[in-house]
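Below is one structure, written out as structure tokens; comments come after it.
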Amino acid sequence: MRQSGDVDADTFRTRVLAVVRRIPPGRVVSYGEVAALAGRPGAARAVGNIMSGCGPGVPAHRVIAAGGRLGGYGGHEHLKRSLLMAEGVAFRGRRVDIGAHQWRARSTRKLVDG
DNA sequence: CGTGTGACTCAGT
DNA sequence: GACTGAGCCACAC
């Protein structure tokens, strides 16, 4: 019951967290994608800032930079990489094989699942 | 209410 | 592939 004291639950911040939480294991999304899914395409930068304070409960390691690059992770990129690898994400050098792991909300996954 | 900031992105060199 | 410059946005101070 959101009383007046509750967060507005309408802020971009809350939306981003909700989207990131929906990212399934073994899948990755770029900051720009998250921003777009949150309703603010182009706010990739803002997403990064929000992620920095998302706290636990949010698989921030599944959010990467564009082109499959790891991007940042509070100075722990290697940890981000490890977490993704632990989920079965394939890497191509320093980049994630987005061609096989880029998450698609409402995608045609059954078509490519084969 | 103006300014600064950064876990971003794109295009050019 | 690496570096630079410019654009963009939400949030903290």
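Labels below follow one simple rule: chain letters A, B, ... track the order of the sequence lines, proteins then strands, and each chain is numbered from 1.
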- [ ] Would you please test A:His61 and A:Glu87 for side-chain hydrogen bond (donor to acceptor under 3.5 Å, both in side chains) and show each step?
- [x] CA-CA 11 Å; A:His61 62 270; A:Glu87 293 188 351; 3.0 Å; yes
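- Distance A:Ile50 CD1 to B:dT5 C1': 13 Å, rounded to the nearest Å.
- Here the options are A:Val58, A:Val63, A:Val28, the test is side chain to side chain contact (heavy atoms under 4.5 Å, CB included), and the partner is A:Ile23; only A:Val63 passes.
- The backbone N or O of A:His78 lies less than 3.5 Å from a partner atom in the side chain of A:Ser82, making a donor-acceptor pair.
- Positionally, the nearest nucleotide of DNA chain B for A:Val47 lies more toward the 5' end than for the other of A:Ala65 and A:Val47.
- Of the candidate nucleotides C:dA2, C:dA10, B:dA7, C:dA2 has the atom nearest to the side chain of A:Arg94.
- Residue A:Ala60 is classed as a base contact, given a heavy-atom separation below 4.0 Å to a base.
- Residue A:Leu83 contributes atom CG, which lies 18 Å from atom P of B:dA7 at whole-angstrom precision.
- Residue A:Ala43 is in sugar-phosphate contact alone, with no base atom involved, counting any heavy-atom pair closer than 4.0 Å across all strands shown.
- Between A:Leu70 atom CG and B:dT9 atom P the separation is 12 Å, expressed in whole Å.
- In plain terms, the two heavy atoms of A:Trp103 and A:Pro24 that are nearest each other are NE1-CD, 3.4 Å.
- Taking only side-chain atoms of A:Arg40, from C-beta outward, the nucleotide of C:dA10, C:dC11, B:dT9 with the closest atom is C:dA10.
- The nucleotide whose nearest atom lies closest to any side-chain atom of A:Tyr31 is, among C:dA2, B:dA7, C:dC11, B:dA7.
- A:Tyr73 places its OH atom 17 Å from the C1' atom of B:dG6, with the value rounded to the nearest Å.
- Candidate nucleotides B:dT9, B:dA7, C:dC11 were compared by shortest atom distance to the side chain of A:Ser52, and B:dA7 ranks first.
- An OP1 or OP2 oxygen of C:dC11 is reached within less than 4.0 angstrom by no side-chain nitrogen or oxygen of A:Arg13.
- For the pair A:Arg15 CZ and C:dC11 P, the computed distance is 12 Å after rounding to whole Å.
- Closest to the A:Ser30 side chain, of the nucleotides C:dA2, B:dT9, C:dA10, is B:dT9.
- Of the candidate nucleotides B:dT9, C:dC11, B:dT5, C:dC11 has the atom lying nearest to any side-chain atom of A:Phe12.
- If A:His61 and A:Gly67 are placed on DNA chain B by their nearest nucleotide, the residue sitting closer to the 5' end is A:His61.
- Across every non-hydrogen atom of A:Cys54 and A:Leu17, the tightest pair is CB-CD2, 3.4 Å.
- Within the 4.0 Å cut-off from OP1 or OP2 of C:dG1, at least one side-chain nitrogen or oxygen of A:Arg95 is found.
- A:Met51 places its CE atom 14 Å from the C1' atom of B:dG6, with the value rounded to the nearest Å.
- We find that CG of A:Asn49 is positioned 12 Å from P of B:dT5, with the value rounded to whole Å.
- Rounded to whole Å, atom P of C:dA10 lies 15 Å from atom CG of A:Leu17.
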